[in-house]
Engineer: 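First the structure, which I've put down as structure tokens, then a few questions once you've had a look.
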Amino acid sequence: MLKDVEVIVFDLDGTLYEDIHHFDHYADLLGEKLDLISRKSFEKDYQSFKEGRLPLKIGTVYDVENDLVLIQKNGHVLEAFEWSGAKVSKEKVSELYPQEIVFDFHSMLNVGDLWWVPVSIARHYGLSSELAHQAFLQTREYMMTPEFQMQEIQGFKEVLQSLSRTKKLVLFTNSPQKDSEVIVTKLGFMDYFDYKIFDGRKPVKTERALRKISEHYDVPFSKILSIGDNAINEIYPARKMGCQTILIDGHEYGDPSQADYVVKNIAGVVELLEGIEG
């Protein structure tokens, strides 16, 4: 049972809605920015990911500079694989990663959710960080159009409405303000959030944002609940600071011990939130 929760911090993508069809749109835009030969290889690898045949998976890290897929825990690299799937020797891993890795959005990519899959593949085939970001912004623009429709999660709106009467609900997302507000409005959730943080630069600034939230509401971390689908972005830093946590792990990549609760989908979140006392 979640206890003494006064502030609930929600991620946006993958946490307030479950639709994933926009990722194919994102992949198409990324592919269009590659040369023809690279684009065909990109499309082949993207399909391989969907079929579970690519070393790159949700929960891994892509090192752009060394072109390696990493398995890590708390920033420490445990294993590394070449794009082909060949395992890198322990000696080489120790040589390349003697210290904790730092996720910087450009050279060390946390593949913590589906946003980071197509972009990591595109970066492997030489797409620049700037062009990749351009494709991301184009995708967010598409998500603001009527064409992008989201399925309603049964009971979610009602539980948010109920909680907003007695708790402080916070939106904390890496996405830009303009499109995030359109998406939250589409969902019908805008009025429930008391405080919003956009362009959050998680996980680099997750702890900083949580401190700001704690100070803003004058509550200890133990009374803050962080909910998200990206363990590195929303769960590990929050847990480290003493917050309560719920991880949405639809891909079953996370370590259950790293979150207070692990659920497969938003319906699982709704069930837990219904148990929070007013």
Side-chain angles (χ1 to χ4, degrees), residues 11-15 17-72 77 80-85 101-144 148 173-176 178-180 183 198-206 228-234 250-251 253:
D11 176 45
L12 174 56
D13 303 300
T15 302
Y17 67 93
E18 292 179 331
D19 305 80
I20 61 173
H21 52 283
H22 55 290
F23 294 120
D24 287 342
H25 183 83
Y26 183 33
D28 289 341
L29 290 170
L30 288 165
E32 289 173 1
K33 300 181 188 306
L34 293 166
D35 63 76
L36 186 58
I37 294 177
S38 295
R39 181 176 182 177
K40 289 182 178 179
S41 297
F42 166 84
E43 291 172 347
K44 181 179 178 181
D45 281 358
Y46 185 53
Q47 184 60 36
S48 293
F49 163 78
K50 291 182 175 181
E51 297 171 359
R53 297 186 289 107
L54 199 68
L56 188 82
K57 302 179 188 301
I58 301 294
T60 62
V61 173
Y62 179 54
D63 179 349
V64 179
E65 292 183 357
N66 291 303
D67 192 29
L68 294 174
V69 177
L70 313 179
I71 307 295
Q72 64 84 41
V77 178
F81 298 86
E82 296 177 2
W83 197 259
S84 64
I101 57 176
V102 177
F103 306 106
D104 60 5
F105 305 98
H106 301 291
S107 61
M108 194 69 71
L109 309 183
N110 161 33
V111 190
D113 54 49
L114 287 171
W115 279 110
W116 291 96
V117 173
V119 70
S120 294
I121 299 173
R123 295 297 307 280
H124 166 72
Y125 286 107
L127 191 70
S128 69
S129 178
E130 292 74 21
L131 287 176
H133 186 62
Q134 187 180 104
F136 169 74
L137 293 178
Q138 288 176 298
T139 304
R140 302 301 296 193
E141 288 176 5
Y142 157 71
M143 294 173 73
M144 288 190 285
F148 180 66
T173 175
N174 277 349
S175 296
K178 183 179 178 181
D179 56 78
S180 295
I183 291 170
F198 304 100
D199 294 304
R201 294 190 64 79
K202 296 180 282 186
V204 177
K205 295 190 176 181
T206 299
D229 66 315
N230 189 316
I232 289 176
N233 283 0
E234 293 106 28
H251 302 278
Y253 72 89

Engineer: Write down the atom of Lys57, the atom of Gly52, and the distance for their closest heavy-atom approach.
Structural biologist: NZ-O, 3.3 Å
Engineer: Determine, stepwise, if the pair Trp83 / Asp45 fulfils side chain to side chain donor-acceptor pair (under 3.5 Å).
Structural biologist: CA-CA 10 Å; Trp83 197 259; Asp45 281 358; 2.8 Å; yes
Engineer: Taking all atoms of both residues into account, what is the closest heavy-atom pair of Thr173 and Ser180, and its distance?
Structural biologist: CG2-OG, 3.9 Å
Engineer: Got a second to check how far Asn174's CG is from Phe136's CZ, nearest 0.5 Å?
Structural biologist: 8.0 Å
Engineer: So how far is it from Asp63 CG to Leu109 CG, rounded to the nearest 0.5 Å?
Structural biologist: 8.5 Å
Engineer: Answer yes or no: does atom NZ of Lys178 have more than 12 heavy-atom neighbours from other residues, nucleotides or ligands under 6.0 Å?
Structural biologist: no
Engineer: Identify the two heavy atoms, one from Leu70 and one from Ala80, that lie closest to each other, and give their separation to 0.1 Å.
Structural biologist: CD2-CB, 3.6 Å
Engineer: Heavy atoms only: give me the nearest Leu29-Ala135 pair and the separation to one decimal.
Structural biologist: CD1-O, 3.8 Å
Engineer: Go through Val117 and Ile58 one step at a time and tell me if the side chain to side chain contact (heavy atoms under 4.5 Å, CB included) criterion holds.
Structural biologist: CA-CA 8 Å; Val117 173; Ile58 301 294; 3.7 Å; yes
Engineer: If you round to the nearest 0.5 Å, how far is CZ of Phe198 from CG of Asp179?
Structural biologist: 9.0 Å
Engineer: Any chance CG of Leu137 has more than 12 other-residue heavy atoms, nucleotides or ligands included, within less than 6.0 Å?
Structural biologist: yes
Engineer: Within a strict 4.5 Å, meaning less than it, do heavy atoms of the Leu68 and Glu82 side chains meet?
Structural biologist: yes
Engineer: Would you find a donor on one side and an acceptor on the other, under 3.5 Å apart, between the side chain of Arg123 and the backbone of His106?
Structural biologist: yes
Engineer: So which atom in Asp199 and which in Pro176 form the shortest heavy-atom distance, rounded to 0.1 Å?
Structural biologist: OD1-CA, 3.5 Å
Engineer: Any chance you could lay out the side chain to side chain contact (heavy atoms under 4.5 Å, CB included) test for Tyr125 and Asp35, step after step, and finish with the verdict?
Structural biologist: CA-CA 9 Å; Tyr125 286 107; Asp35 63 76; over 6 Å; no
Engineer: Quick one: pull up CE in Met108 and CD in Glu65 and give me the separation to the nearest 0.5 Å.
Structural biologist: 7.5 Å
Engineer: Can you confirm whether Asp13 sits close enough to Trp115 that some side-chain heavy atom of one is under 4.5 Å from a side-chain heavy atom of the other?
Structural biologist: yes
Engineer: Between the side chains of Tyr46 and Asp24, is a donor N or O closer than 3.5 angstrom to an acceptor N or O?
Structural biologist: yes
Engineer: Should Phe49 and Leu114 count as side-chain neighbours, where that means a heavy-atom distance under 4.5 Å?
Structural biologist: yes
Engineer: Does the ring centre of His124 sit less than 6.0 Å away from the ring centre of Phe42?
Structural biologist: no
Engineer: Any non-hydrogen side-chain atom of Val111 less than 4.5 Å from a side-chain atom of Val61?
Structural biologist: no
Engineer: Is there a side-chain contact between Tyr17 and Leu12 in this structure, where contact means two heavy atoms from C-beta onward sitting under 4.5 Å apart?
Structural biologist: yes
Engineer: Please report the shortest heavy-atom distance between Ser120 and Trp116, naming the atom on each side.
Structural biologist: OG-O, 2.6 Å
Engineer: Could you tell me whether the side chain of Arg140 reaches within less than 4.5 Å of the side chain of Phe148, counting heavy atoms only?
Structural biologist: no
Engineer: Quick one: does Glu234's side chain get under 4.5 Å of Asp229's, heavy atoms only?
Structural biologist: yes
Engineer: If we only count heavy atoms from C-beta on, is the Val119 to Tyr26 side-chain gap below 4.5 Å?
Structural biologist: yes
Engineer: Do Asn230 and Asn110 pair up side chain to side chain, a donor and an acceptor below 3.5 Å, judged on atom types alone?
Structural biologist: yes
Engineer: To the nearest 0.5 Å, what is the distance between CD on Glu141 and CD on Gln138?
Structural biologist: 6.5 Å
Engineer: OH of Tyr62 to CD1 of Ile121: how many Å apart, nearest 0.5 Å?
Structural biologist: 10.0 Å
Engineer: More than 12 heavy atoms of other residues, nucleotides or ligands under 6.0 Å from CD of Glu51: is that the case?
Structural biologist: yes
Engineer: Would the number of heavy atoms belonging to other residues, nucleotides or ligands and lying under 6.0 Å from NZ of Lys44 be above 12?
Structural biologist: no
